[in-house]
Amino acid sequence: MENILNFLDERRSVRHFDSQVILEKSVIVDILKHASYAPSGNNFQPWRVAVVADKEKQERLAAFAAGQLQVKEASAVFLLFGDKKAYDLEWWQDFHLQHEAISKDKVADKLLRIERYFSLHPDDKDVEGLRLDVGLFAMNLMHVVRTYGYDSVPMRGVDFEAVKDYLKLSSDWEPILMLSVGKALKSGHPHVRRKVGEFLIFID
């Protein structure tokens with residue numbers, strides 16, 4: 001257990017990558033397969049991912065991200081979006097029946113409960129829900145990337161509308177973050193964190 005915890009604790013936001021390292025498409029697919037086991041509200045899985053692994057296109061993406069070097073040097077740039085259309089009850093029913101994750105006799109009750117959840121928290125099927133669900137996916141993705149021997153840095157300082165226009169992505173997708181991925185040339189900054197006692201409250 002200690003080895004696993006140390007591995008998780010050692011994640012850093014790396015900003016200097018070996019630009020000569022290639023990240024194969026088959027590896028990217030494998031990484032995303034494992035990252036997709038992240039949780040999401042009612043298993044709607046609203047993440048959408050565009051991956052750019054072309055240095056010319058990365059130069060353009062860097063221009064939309066204040067010229068940040070890690071975008072140019074990365075082996076691949078993962079663009080994470082959320083799709084509000086994913087919160088679709090008909091899709092949910094068909095998907096879970098197809099994969100035998102629920103029995104037909106329980107579908108109606110489950111759909112009713114999901115509708116009740118959304119009536120309590122309507123933002124959960126809007127931008128707020130996307131940011132939570134895709135955020136969980138993003139964190140899982142960063143850990144999976146490291147198990148494959150790569151590092152990454154999550155980025156929000158990006159003109160995502162320009163990115164979507166340049167890459168001809170759906171204008172409906174909500175941008176969550178850009179993730180530059182590659183082999184680290186330099187370690188990220190060491191972690192400096194609050195002590196647990198500063199943010200923990202025990203309720204007895």
Side-chain angles (χ1 to χ4, degrees), residues 8 10-36 38 40 45-86 126-193:
L8 295 174
E10 286 165 4
R11 188 209 64 81
R12 300 284 187 273
S13 290
V14 169
R15 292 174 174 82
H16 299 277
F17 297 110
D18 183 343
S19 62
Q20 302 305 307
V21 174
I22 294 172
L23 187 51
E24 299 291 346
K25 285 185 178 179
S26 60
V27 177
I28 291 170
V29 169
D30 222 33
I31 285 171
L32 289 171
K33 180 187 76 173
H34 290 290
S36 73
S40 60
Q45 307 165 62
W47 39 79
R48 303 291 180 263
V49 184
V51 180
V52 177
D54 174 272
K55 287 295 182 279
E56 188 176 327
K57 288 185 173 67
Q58 287 172 232
E59 287 272 353
R60 290 291 303 276
L61 294 182
F64 301 137
Q68 296 183 75
L69 195 60
Q70 63 264 29
V71 182
K72 302 177 189 179
E73 293 180 343
S75 298
V77 177
F78 290 60
L79 295 150
L80 275 53
F81 299 91
D83 185 1
K84 283 188 278 189
K85 292 178 182 174
D126 209 315
V127 175
E128 185 173 316
L130 292 177
R131 287 177 179 167
L132 174 59
D133 286 338
V134 184
L136 291 168
F137 172 83
M139 191 69 253
N140 212 39
L141 174 58
M142 284 185 274
H143 286 311
V144 172
V145 159
R146 289 193 63 238
T147 68
Y148 278 77
Y150 297 90
D151 283 284
S152 66
V153 55
M155 304 165 60
R156 280 283 296 169
V158 181
D159 184 345
F160 284 106
E161 293 309 312
V163 168
K164 286 195 289 183
D165 185 58
Y166 170 58
L167 297 177
K168 297 179 172 54
L169 300 173
S170 173
S171 59
D172 293 336
W173 288 1
E174 179 68 22
I176 306 300
L177 60 82
M178 175 186 281
L179 191 73
S180 294
V181 174
K183 288 283 187 180
L185 280 178
K186 236 172 115 177
S187 298
H189 298 303
H191 288 156
V192 179
R193 295 293 186 265

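This one's a predicted model, so the numbers in the text were calculated from it and none came from an experiment.
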Determine, step by step, whether D159 and V163 satisfy the side-chain contact (heavy atoms from CB on, under 4.5 Å) criterion, reporting the C-alpha distance in whole Å, the side-chain angles of both residues, the deciding distance to 0.1 Å, and the verdict.
-> CA-CA 6 Å; D159 184 345; V163 168; 5.7 Å; no
Evaluate side-chain contact (heavy atoms from CB on, under 4.5 Å) for I176 paired with R131, printing each intermediate quantity in order.
-> CA-CA 6 Å; I176 306 300; R131 287 177 179 167; 3.9 Å; yes
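In this structure, the side chains of K186 and V14 stay at 4.5 Å or more apart for every pair of heavy atoms. For the pair L167 and L61, the minimum side-chain heavy-atom distance is below 4.5 Å. The shortest side-chain heavy-atom distance between W173 and L130 does not fall under the 4.5 Å cut-off.
To the nearest 0.5 Å, the span separating CH2 on W47 from CG on L80 amounts to 10.0 Å. Note that CG of L23 is 8.5 Å distant from OG of S26, once rounded to the nearest 0.5 Å. The OG atom of S36 sits 12.5 Å away from atom CD1 of I31, with the distance rounded to the nearest 0.5 Å.
In this structure, the side chain of E73 does not engage the main chain of H16 through any donor-acceptor pair within 3.5 Å. Proximity of a side-chain donor or acceptor of K183 to a complementary backbone N or O of S75 within less than 3.5 Å is not detected. Remark: the backbone N or O of R11 is paired with a side-chain donor or acceptor of H191 at under 3.5 angstrom. Under a 3.5 Å cut-off, the side chain of Q58 and the backbone N or O of V71 do form a donor-acceptor pair.
Scanning both residues, Q68 and G157, for their nearest heavy atoms gives NE2-O, 3.7 Å. Closest approach of V153 and S13 over heavy atoms only: CG2-CB, 3.8 Å. Looking at every heavy atom in both residues, P175 comes nearest to R156 through O-NH1, 3.1 Å. Contact record, A76 with I28: CB-CD1, 4.3 Å, taken as the closest heavy-atom pair. Here the closest heavy-atom approach between residue N140 and residue A35 is recorded as ND2-O, 3.1 Å. M142 approaches L179 most closely through the heavy-atom pair CG-CD1, 3.7 Å.
Applying the side-chain hydrogen bond (donor to acceptor under 3.5 Å, both in side chains) criterion to K72, with sequence neighbours excluded, gives no partner residue. Taking the side chain to side chain contact (heavy atoms under 4.5 Å, CB included) definition, one finds that D165 meets it with nothing, sequence neighbours left out. Taking D151 as the reference, R146 meet the salt bridge (Lys or Arg N to Asp or Glu O under 4.0 Å) condition, with sequence neighbours excluded.
Salt bridge E161/K164: present, at least one basic N to carboxylate O contact under 4.0 Å.
Each salt bridge (Lys or Arg N to Asp or Glu O under 4.0 Å) pair with one or both residues in residues 12-31, not counting sequence neighbours, appears once here: D30-K33. Within the structure, ring pair (Phe, Tyr, Trp, His ring centres under 6.0 Å) pairs that include any residue of residues 143-165 do not occur (at least two apart or interchain). Sorted by first and then second residue, the salt bridge (Lys or Arg N to Asp or Glu O under 4.0 Å) pairs involving residues 47-57 (not counting sequence neighbours) are R48-D83.
The local environment of CG in L69 is crowded, with over 12 non-hydrogen atoms from other residues, nucleotides or ligands closer than 6.0 Å. Annotation for H189: atom NE2 does not count as buried by contact number, only 12 or fewer foreign heavy atoms lying within 6.0 Å.
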